[in-house]
Peer 1: 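Next up is a structure, given as structure tokens.
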Amino acid sequence: MYIAIAGNIGSGKTTLTQILTKRYDAKCYLEECDNPYIGDFYEDMNRWAFNLQISFLGSRIQQTMDMISDCKSGVIFQDRTIYEDAHIFADNLHQMGLMSTRDLETYMGIFRLGSGFIPRPDLLIYLRASVPTLTAQIRKRGRDYEMNIDEDYLCRLNAKYEHWVNDIYDGEVLLVDKDTEDFVENPAVLEKICRRIDRLRNEQKR
């Protein structure tokens, strides 16, 4: 069973992925955090946007292809999906004028080719969070390259996420509102998530 955790920067994807991996004695695939372009990107988004997105896309395709065989033998959890790379981040950079139309078309061609070999998640857990919640978490974890992230950038990404989840993505979604549902501080929230996963597992066994 393939469970994906989606959400904006600082929404808690990695934390939830690690919690669920331990809970289900499963295997997890975490988002790449040492992308060779990411520091340069936050310093000069216009120059490095295409390089960053292509690097992330290649990494995500490879990760998801590696993941397919593991999915057959048990539960796996993935921190961010290939769909977010395309429909959220690349599309947003193009809309901001930081990625040319030519570069976006090249990127989307590679995305369509790669995503055609990838199964849709059995469940997408979407961590929705307001910009104040995101910025508080970003400051708390203290990654140097994230300290200059603009709040308007996070706001635009949030709008992209809402559009993607509500109007584009056609799989099963579990919404967790991080502003009011803290799965770290409130055990009831984690149990709600696990009940949905357990129900899905039982349905697949029938």
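Residue numbers count from 1 along this sequence.
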Peer 1: Would the distance check show the side chain of Ser59 and the main-chain N or O of Ser55 forming a donor-acceptor pair, the cut-off being under 3.5 Å?
Peer 2: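 Absent.
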Peer 1: Where is the tightest heavy-atom contact between Ile3 and Val75, given as atom of each residue plus distance?
Peer 2: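 Looking at all heavy atoms of both residues, the closest pair is CG1-CG1, 4.4 Å.
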Peer 1: Thr135: what forms a side-chain contact (heavy atoms from CB on, under 4.5 Å) with it, not counting sequence neighbours?
Peer 2: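 Only Val131, Arg139, Glu151, Leu154 meet the side-chain contact (heavy atoms from CB on, under 4.5 Å) criterion with Thr135.
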Peer 1: Quick test of your reading: applying side chain to side chain donor-acceptor pair (under 3.5 Å), list the pairs with at least one residue in residues 10-19, sequence neighbours left out, ordered by first then second residue.
Peer 2: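 Found Thr14-Asp79.
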Peer 1: Report the distance from atom OH of Tyr24 to atom CD1 of Ile197, rounding to the nearest 0.5 Å.
Peer 2: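 Output value for this atom pair is 4.5 Å.
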Peer 1: After noting the C-alpha distance and the side-chain angles of His163 and Ile168, does the key distance pass the side chain to side chain contact (heavy atoms under 4.5 Å, CB included) rule?
Peer 2: CA-CA 7 Å; His163 174 58; Ile168 299 174; 3.7 Å; yes
Peer 1: Mind running side chain to side chain contact (heavy atoms under 4.5 Å, CB included) on Asn35 and Phe56 for me, showing each step along the way?
Peer 2: CA-CA 7 Å; Asn35 186 298; Phe56 269 131; 3.6 Å; yes
Peer 1: Do Leu30 and Ile61 belong together in a cluster built from hydrophobic side chains that touch within less than 4.5 Å?
Peer 2: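 Unlinked, Leu30 and Ile61 end up in two clusters.
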Peer 1: Residues two or more places apart in sequence or in another chain: which of them pass salt bridge (Lys or Arg N to Asp or Glu O under 4.0 Å) with Glu181?
Peer 2: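 Glu181 satisfies salt bridge (Lys or Arg N to Asp or Glu O under 4.0 Å) with Lys192 once adjacent residues are dropped.
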Peer 1: Is Leu127 close to Leu16 at the side-chain level, that is, under 4.5 Å between some pair of heavy atoms?
Peer 2: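 Result yes, sub-4.5 Å side-chain heavy-atom pair found.
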Peer 1: Consider only side-chain N and O atoms of Gln63 and Gln78, and report whether a donor and an acceptor are under 3.5 Å apart.
Peer 2: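 A pair is found: one side chain offers a donor N or O, the other an acceptor, under 3.5 Å apart.
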Peer 1: Apply side-chain hydrogen bond (donor to acceptor under 3.5 Å, both in side chains) to Glu43 and list each qualifying residue two or more places apart in sequence or on a separate chain.
Peer 2: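 Partners of Glu43 under the side-chain hydrogen bond (donor to acceptor under 3.5 Å, both in side chains) test: none.
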Peer 1: Indicate the atoms forming the closest heavy-atom contact of Ala26 with Phe77, along with that distance.
Peer 2: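 Closest pair (atom of Ala26, atom of Phe77, distance): CB-CE1, 3.7 Å.
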Peer 1: Answer whether the closest heavy-atom distance between the side chains of Met1 and Ile76 falls below 4.5 Å.
Peer 2: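 Heavy-atom side-chain distance check fails, nothing below 4.5 Å.
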Peer 1: Check this for me: does any side-chain nitrogen of one of Arg128 and Glu162 sit under 4.0 Å from a carboxylate oxygen of the other?
Peer 2: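 A salt bridge is present here (some side-chain N lies under 4.0 Å from a carboxylate O).
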Peer 1: Can you tell me if Asp103 uses its side chain to pair, donor with acceptor, with the backbone of Met99 under 3.5 Å?
Peer 2: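 Checking the backbone N and O of Met99 against the side chain of Asp103, no donor-acceptor pair under 3.5 Å is found.
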Peer 1: Just to verify, what does Lys160 make a salt bridge (Lys or Arg N to Asp or Glu O under 4.0 Å) with, not counting sequence neighbours?
Peer 2: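 For Lys160 the salt bridge (Lys or Arg N to Asp or Glu O under 4.0 Å) partners, ignoring immediate neighbours, are Asp91.
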Peer 1: Return the minimal non-hydrogen interatomic distance between Trp164 and Ala6, and the atom names on each side.
Peer 2: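 The pair with the smallest heavy-atom distance is CZ3-CB, 4.1 Å.
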Peer 1: Locate the shortest heavy-atom distance separating Met108 from Ala86; write the atom from each residue and the value.
Peer 2: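 Heavy atoms only, the tightest pair is SD-CB, 4.0 Å.
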Peer 1: Which residues pass the side-chain contact (heavy atoms from CB on, under 4.5 Å) test with Asp44, sequence neighbours left out?
Peer 2: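 Listed in chain order: Asn46, Arg47, Trp48.
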Peer 1: Count the heavy atoms belonging to other residues, nucleotides or ligands that lie under 6.0 Å from CG of Asn166, then report whether that count exceeds 12.
Peer 2: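 Yes, CG of Asn166 has more than 12 neighbouring heavy atoms, counting only those of other groups under 6.0 Å.
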Peer 1: Could you measure the distance from the CD1 atom of Ile88 to the CG atom of Asn8? Nearest 0.5 Å is fine.
Peer 2: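 The CG atom of Asn8 is 8.5 Å from CD1 of Ile88, to the nearest 0.5 Å.
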Peer 1: Starting at CD1 of Ile125, measure out to CD1 of Ile193 and round the result to the nearest 0.5 Å.
Peer 2: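 One finds 5.5 Å between CD1 of Ile125 and CD1 of Ile193.
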Peer 1: Looking only at non-hydrogen atoms, find the nearest pair between Asn158 and Ala129 and report the distance.
Peer 2: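 Heavy-atom minimum between the residues: ND2-O, 2.9 Å.
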Peer 1: If the condition is side-chain hydrogen bond (donor to acceptor under 3.5 Å, both in side chains), which residues does Tyr83 pass it with, not counting sequence neighbours?
Peer 2: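 Listed in chain order: nothing, the list is empty.
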Peer 1: In Å and rounded to the nearest 0.5 Å, what is the CZ to CG distance from Phe50 to Leu98?
Peer 2: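 Interatomic distance, Phe50 CZ to Leu98 CG, rounded to 0.5 Å: 14.0 Å.
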Peer 1: Would you compute the distance between atom CD1 of Ile118 and atom CZ of Arg60 and round it to the nearest 0.5 angstrom?
Peer 2: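 Separation between the atoms: 10.0 Å.
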Peer 1: By salt bridge (Lys or Arg N to Asp or Glu O under 4.0 Å), which residues pair with Asp170, not counting sequence neighbours?
Peer 2: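 Partners of Asp170 under the salt bridge (Lys or Arg N to Asp or Glu O under 4.0 Å) test: Arg120.
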Peer 1: Tell me the closest heavy-atom pair linking Tyr169 and Pro121, and the distance in Å.
Peer 2: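 For Tyr169 and Pro121, the tightest heavy-atom pair comes out as OH-CD, 3.5 Å.
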Peer 1: Going by the ring pair (Phe, Tyr, Trp, His ring centres under 6.0 Å) test, which pairs reach into residues 94-117, not counting sequence neighbours?
Peer 2: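 Counting only pairs at least two positions apart or across chains, the ring pair (Phe, Tyr, Trp, His ring centres under 6.0 Å) contacts touching residues 94-117 are His87-Phe111.
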Peer 1: What residues, two or more places apart in sequence or in another chain, satisfy side-chain hydrogen bond (donor to acceptor under 3.5 Å, both in side chains) together with Gln137?
Peer 2: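 Applying side-chain hydrogen bond (donor to acceptor under 3.5 Å, both in side chains) to Gln137 gives none.
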Peer 1: Who passes salt bridge (Lys or Arg N to Asp or Glu O under 4.0 Å) against Arg196, sequence neighbours left out?
Peer 2: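 Partners of Arg196 under the salt bridge (Lys or Arg N to Asp or Glu O under 4.0 Å) test: Glu172.
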Peer 1: Once side-chain hydrogen bond (donor to acceptor under 3.5 Å, both in side chains) is applied, do any residues pair with Asp179, and if so which ones, sequence neighbours excluded?
Peer 2: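 Scan of Asp179 (side-chain hydrogen bond (donor to acceptor under 3.5 Å, both in side chains), adjacent residues dropped) gives Ser130, Thr133.
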Peer 1: Report yes if some heavy atom in the side chain of Val184 is under 4.5 Å from a heavy atom in the side chain of Ile19; otherwise report no.
Peer 2: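 Yes, close enough: below the 4.5 Å cut-off.
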Peer 1: For the side chain of Arg156 and the backbone of Asn92, is there at least one donor-acceptor N/O pair under 3.5 Å apart?
Peer 2: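 Not a single qualifying donor-acceptor pair exists.
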Peer 1: Just say parallel, tilted or perpendicular for the rings of Tyr42 and Tyr153, cut-offs at 30° and 60°.
Peer 2: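 Tyr42 and Tyr153: perpendicular rings.
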Peer 1: In Å, rounded to the nearest 0.5 Å, how long is the span from CD1 of Ile149 to CD1 of Ile138?
Peer 2: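 Going from CD1 on Ile149 over to CD1 on Ile138, the span is 4.5 Å.
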Peer 1: With distance as the sole test, does Glu84 use its side chain to make a donor-acceptor pair with the main-chain N or O of Thr81 at under 3.5 Å?
Peer 2: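 Yes: the side chain of Glu84 pairs with the backbone of Thr81.
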